[in-house]
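The structure appears right after this line, and notes come after that.
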2 protein chains.
Amino acid sequence: MIIRIEPESEVPIYMQLTNQIIEGIAKGAIHPGDALPSVRTLAADLGINMHTVNKSYHELEKKGIIEIVPKSGAVIKGHSHIEQSSYNRIYNMLKPQIAEGMVLGMTKDEILNLVEEIVNEIKKT
Amino acid sequence: MIIRIEPESEVPIYMQLTNQIIEGIAKGAIHPGDALPSVRTLAADLGINMHTVNKSYHELEKKGIIEIVPKSGAVIKGHSHIEQSSYNRIYNMLKPQIAEGMVLGMTKDEILNLVEEIVNEIKKT
DNA sequence: AAATTTGTTATATATTTTATAGAACAAAAG
DNA sequence: CTTTTGTTCTATAAAATATATAACAAATTT
């Protein structure tokens, strides 16, 4: 799985990494049960600091996406059905952005089409 | 229009304000052509700093939602159809969150239903 | 015309966030 | 036993966030 970090982005490095790992899981590049690289290894590969990778992994753990076993490693969790707390979190993250789309002139159908397009784009390949 | 700022939130104050103004426009509490309060007035009303309100207004301007007339005021713009640059920005903001929903076990239909629910919730009074 | 209000600009301070660096630890894995 | 693991700690630096105060010229109001 290829990860690209843009140091000059306005998006913090740990968040770029978090998002790209999430998308990697979503599109099946990595699967539940797989172990993520050690924080030292991944940091060296990406040319970033160990603690930055560590922060990203703990973000993923807080989101319920991976499980960190102390002194062992980080493993991708499987999910049959979304939990209520995760659902609420996603609801609150999506709301401002959907409102922004509406204000800027998008109809409900245009928003739904965009979302469907994104889902398809993530799934393909 | 009622705005509530939570100083202890992990979401920056200027962003809370930006989002609530956007949602206010989306649900019709304020309309295109309306002028926003002066930065000093709103800051006093909310008990926050003038520069924080100013930053929020310039965020709204960057998003293409309001127009700031120097020495005059901020006016809400109308939108017939979304511009490509705004569309791309919303696309990039939505993508990581939709991927997160997928990883946490949401199906395409569950995601589309959630988005439709949010649109309806914003539209209703 | 005078006074007030406007957004803007500037300086200053403080806290939090982000990112890196290096070191040390105990536990797990080889 | 050696290496690797995540964790913890200290330290530094830059950027983001938030507040405070002051001053300016232009616009608005009185």
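A, B, ... follow the sequence lines: proteins, then strands. Residue 1 opens every chain. Please read all numbers here as calculations on a predicted model, not as lab measurements.
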Side chain to side chain, B:Asn49 and B:Asn54, heavy atoms closer than 4.5 Å: no
Length of the line joining A:Leu46:CG and C:dA19:P, which is rounded to integer Å: 13 Å
Work out which heavy atom in B:Glu100 is nearest to a heavy atom in A:Lys63; give both atom names and the distance. OE1-NZ, 3.0 Å
Quick one, B:Leu104 and A:Ile90 - any side-chain contact, counting heavy atoms below 4.5 Å? yes
Just how far, in rounded Å, is C1' of D:dA14 from CD of A:Glu8? 12 Å
Nearest 0.5 Å, please: how far is NZ in B:Lys95 from CD1 in A:Ile122? 6.0 Å
Do nucleotides 1-16 of chain C as a string where each nucleotide becomes B, S or -: B if the base has a protein heavy atom under 4.0 Å, S if just the sugar-phosphate does, - if no protein is that close. -----BBBBB------
Using whole Å, report how far CD of A:Glu10 lies from P of D:dT17. 11 Å
Among A:Leu112, A:Ile118, A:Asn120, side chain to side chain contact (heavy atoms under 4.5 Å, CB included) partner for A:Glu116: A:Asn120
What integer distance in Å separates A:Tyr14:OH from C:dA19:C1'? 11 Å
To the nearest angstrom, the CG-P distance between A:Leu42 and D:dG6 comes to 10 Å
What's the CD-P distance between A:Glu6 and C:dA19, to the nearest Å? 13 Å
Whole angstrom is fine here: how far is it from CG in B:Asn49 over to P in D:dA22? 13 Å
Would you tell me whether A:Gln84 and A:Asn88 have side-chain atoms, one donor and one acceptor, within less than 3.5 Å of each other? yes
Would you mind reading off the distance between B:Gln16 atom CD and D:dT17 atom P, rounded to a whole angstrom? 13 Å
Is any side-chain N or O of B:Lys55 closer than 4.0 Å to OP1 or OP2 of D:dA18? no
